[in-house]
Chemist: 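Okay, here's the structure, questions in a sec.
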Amino acid sequence: MSHTNLTYVDWLIMLLYFVFVLGIGFALKRFMKTSKDFFQAGRSLPAWICGLAFISANLGAQEVIGMGASGAKYGIATSHFYWIGAIPAMIFVGIFMMPFYYGSKARSVPEFLRLRFDEKTRALNACSFAVMTVFSSGISMYAMARLIQTLHVFDYIFLSAGLPLGWIFHLSIILSAIIVLGYIFLGGLTSAIYNEVLQFFLIIAGFLPLVLIGLKAVGGWNGLKAAMPNPSYLHSWHGMAHANTNPLGVEVFGLAMGLGFVLSFGYWCTDFLVIQTAMATDSQESARRVPLIAAIPKMFFPFLVILPGLLAIGAATPKPVTTERVENGAIIRLTTLPTELEAKGQGLVPAKADPITGKIVLDTSGKPLLDYDLAIPSMLLHYFPTGILGLGLTALLASFMSGMAGNVTAFNTVWTYDLYQSYIHKGASDKHYLAMGRWATVGGILLSMATAYAATGFNNIMDTLQLVFSFVNAPLFATFLLGMFWKRATGNGAFIGLISGTVAAILHHGLTLPVEAHTGLHGGWIAVIHSYPSDMAQNFWTAIWAFSTNFIVTIVVSLFGTPKPESELVGLVHSLTPKPELGHLPWWRRPEALAVLLLIMVITLNVIFR
């Protein structure tokens, strides 16, 4: 992308954003007087603020860059991550699970597991969740560093100093870490939430023009259809009956069970990253509305983040361009050549280069691997003029920052409350735990920097994230499902089930491999006994194996154990918990009415784009 032209206007827009986010942190620092203020935003924020933050906490690099990448790689079938992979689960957590979370007064998801089961189950989940948040934050760092590399922002400085251009990747990691550390260290969860709301509006302002301009450039919807490499790219259900007849590479059962049930419910119902945002509200009634409010814009975000990926893969691949001009009576011809990465890419999606060596990465068949993560950045650079380019890039940077910040605030809460306070230093003052939360933020950032380099082995960060979720969230959802709806479930059953589910995920990953992928990070590191058409299909089935194993093992072990007395399960098990009193609200303001409306809307979208 050597044609990047950033002007002072673009730089000014990005600079204003960074000043603003750090300013929010400084403004909120004086309100961070207790650990509750720092970790839980004082449980005092209104539902609509938390609703926008709820969706924005998930709207990090994995959402914007990852969904755009998946749109380019898999087509509009990526919308399943929203329409069946998010909305039903968001409705479920708002209607059924939020009363348990908020009503139990638990400060985190692991702490809820302690109340429902026992300490060892809490410790296991706290450790696995801490690892997952570090990986997720690292992926956001990686995506931001790749963006800065793509923009060639520091090329001139590094070339002038005689430094290798590969070092730009390292510098970008460090800069993004310092900025996120600054405003989380100062303002805690409240700072993260307000910045996530800002990011929500920036994403809309930056990406809506991109979609409109891109559609116009390819000749509208009909032109996009003609430009697609596969007719199935513009259908969400077409060809889904068999794994080999659709770009996603997964059949209906794998999609419905792996994504629509295990991964989606496992993420939205158990991931403290999003749950902590809803728990920051001022009442249980507000907490129930938060996921439902967030589901409304979530339903339409495929048109902002997936469609640009389709437009990128459907655009014309850059070719040599010759221009002529007359100067002093002579005709001067100037030929602009695309870079090697652009020429060996497809559409505006370039070939993937190793971020350190700069060499093109090849798959097992010797073909250049496409760098789908650069689909949206390439669109921005290709279509946006000065000013709007700065706004679009700021929207991307905001998504990276929020993705990192959300994971880091979840990490510092779980570390401080569920590990440090519970097992390392009990009985300390609240001031001590507040200080530990701030230092945990520093530690989380440093660990995230280390894991950012692990993401370089993938050409689609959404594949990476779904792999991590299949190891952590998928087995955990089985534990929650049984714990909330089966009073017979025991602590030993939950603990052994969690371990068994995680081991099942590890074994499945080690024994399977996507086609044309190298063994290692993509799987097959034990032996290859089965191949999947895509990374995503492998992830879905990894999640299914993890969930099913945990579910069965937890039931079997629980049947041989002694459950907690029913008096200790009030507020933790559905059948023993008083239902929320909503008689004072008209029917159209009740969460159930909004849930029905959301289901009708999401079914309509699936029918339209079937």
Side-chain angles (χ1 to χ4, degrees), residues 1 3-7 9-10 13-14 17 52 55-56 59-61 63-79 81-83 147 150-151 198-229 233-236 296-318 342 345-350 372-400 601 604-605 608-609:
M1 287 353 121
H3 55 275
T4 305
N5 291 304
L6 294 178
T7 66
V9 175
D10 301 310
I13 292 173
M14 288 187 278
Y17 167 73
L52 294 181
I55 183 178
S56 297
L59 200 60
E63 183 88 358
V64 178
I65 293 294
M67 286 300 180
S70 292
K73 185 175 182 179
Y74 302 120
I76 209 167
T78 307
S79 63
F81 283 95
Y82 294 81
W83 296 340
L147 173 66
T150 303
L151 298 179
L198 170 65
Q199 172 221 354
F200 174 82
F201 291 108
L202 276 173
I203 291 292
I204 294 175
F207 281 76
L208 184 58
L210 180 66
V211 171
L212 298 177
I213 294 172
L215 274 175
K216 182 179 180 181
V218 298
W221 188 256
N222 290 330
L224 181 62
K225 283 183 180 180
M228 286 296 95
Y233 262 54
L234 291 182
H235 295 276
S236 61
I296 299 173
K298 179 75 174 179
M299 198 178 301
F300 297 99
F301 259 89
F303 302 107
L304 286 182
V305 295
I306 294 176
L307 196 50
L310 286 163
L311 292 167
I313 205 73
T317 303
E342 292 172 331
Q346 182 175 352
L348 297 179
V349 180
Y372 294 107
D373 288 337
L374 296 183
I376 284 185
S378 300
M379 285 281 292
L380 289 171
L381 297 176
H382 186 78
Y383 288 118
F384 271 6
T386 298
I388 298 182
L389 176 59
L391 182 61
L393 294 176
T394 302
L396 273 183
L397 295 176
S399 73
F400 302 145
M601 293 169 66
T604 302
L605 286 171
I608 293 173
F609 291 95

Chemist: Please assess Phe200 against Ile55 for the test side-chain contact (heavy atoms from CB on, under 4.5 Å), listing each intermediate value before the final yes or no.
Modeler: CA-CA 8 Å; Phe200 174 82; Ile55 183 178; 4.1 Å; yes
Chemist: Look up atom CZ in Phe207 and atom CG in Leu391, then write down how far apart they are to the nearest 0.5 Å.
Modeler: 9.5 Å
Chemist: Tell me the closest heavy-atom pair linking Thr394 and Gly390, and the distance in Å.
Modeler: OG1-O, 2.6 Å
Chemist: Are the ring centres of Phe301 and Phe81 closer than 6.0 Å?
Modeler: no
Chemist: Measuring from Asp10:CG to Leu393:CG, what's the distance to the nearest 0.5 Å?
Modeler: 7.0 Å
Chemist: Could you tell me whether the side chain of Thr78 and the main chain of Ser70 form a donor-acceptor pair under 3.5 Å?
Modeler: yes
Chemist: Go through the steps to decide whether Tyr17 and Leu202 satisfy the test side-chain contact (heavy atoms from CB on, under 4.5 Å), and finish with yes or no.
Modeler: CA-CA 10 Å; Tyr17 167 73; Leu202 276 173; 3.7 Å; yes
Chemist: Write down the atom of Gly68, the atom of Ile376, and the distance for their closest heavy-atom approach.
Modeler: CA-CD1, 3.8 Å
Chemist: Identify which one of Leu389, Ile388, Leu348 satisfies the side chain to side chain contact (heavy atoms under 4.5 Å, CB included) criterion when paired with Tyr383.
Modeler: Leu348
Chemist: Quick one: does Leu304's side chain get under 4.5 Å of Leu208's, heavy atoms only?
Modeler: yes
Chemist: If you measure from CE on Met379 to CD1 on Ile313, what distance do you get to the nearest 0.5 Å?
Modeler: 11.5 Å
Chemist: Quick one: does Leu307's side chain get under 4.5 Å of Pro302's, heavy atoms only?
Modeler: no
Chemist: Distance from Leu311 atom CG to Ile306 atom CD1, nearest 0.5 Å?
Modeler: 12.0 Å
Chemist: Report the distance from atom CZ of Phe300 to atom CD1 of Ile204, rounding to the nearest 0.5 Å.
Modeler: 12.0 Å
Chemist: Could you report the tightest heavy-atom contact between Ala395 and Ile203, atom names first, then the distance?
Modeler: O-CD1, 3.4 Å
Chemist: If you measure from CH2 on Trp221 to CG on Leu310, what distance do you get to the nearest 0.5 Å?
Modeler: 7.0 Å
Chemist: Set out, in order, the CA-CA distance, both residues' side-chain angles and the distance that settles side-chain contact (heavy atoms from CB on, under 4.5 Å) for Tyr82 and Met299, then state yes or no.
Modeler: CA-CA 6 Å; Tyr82 294 81; Met299 198 178 301; over 6 Å; no
Chemist: Heavy atoms only: give me the nearest Gly392-Phe384 pair and the separation to one decimal.
Modeler: CA-CE2, 4.0 Å
Chemist: Return the minimal non-hydrogen interatomic distance between Ala227 and Gly314, and the atom names on each side.
Modeler: CB-O, 3.2 Å
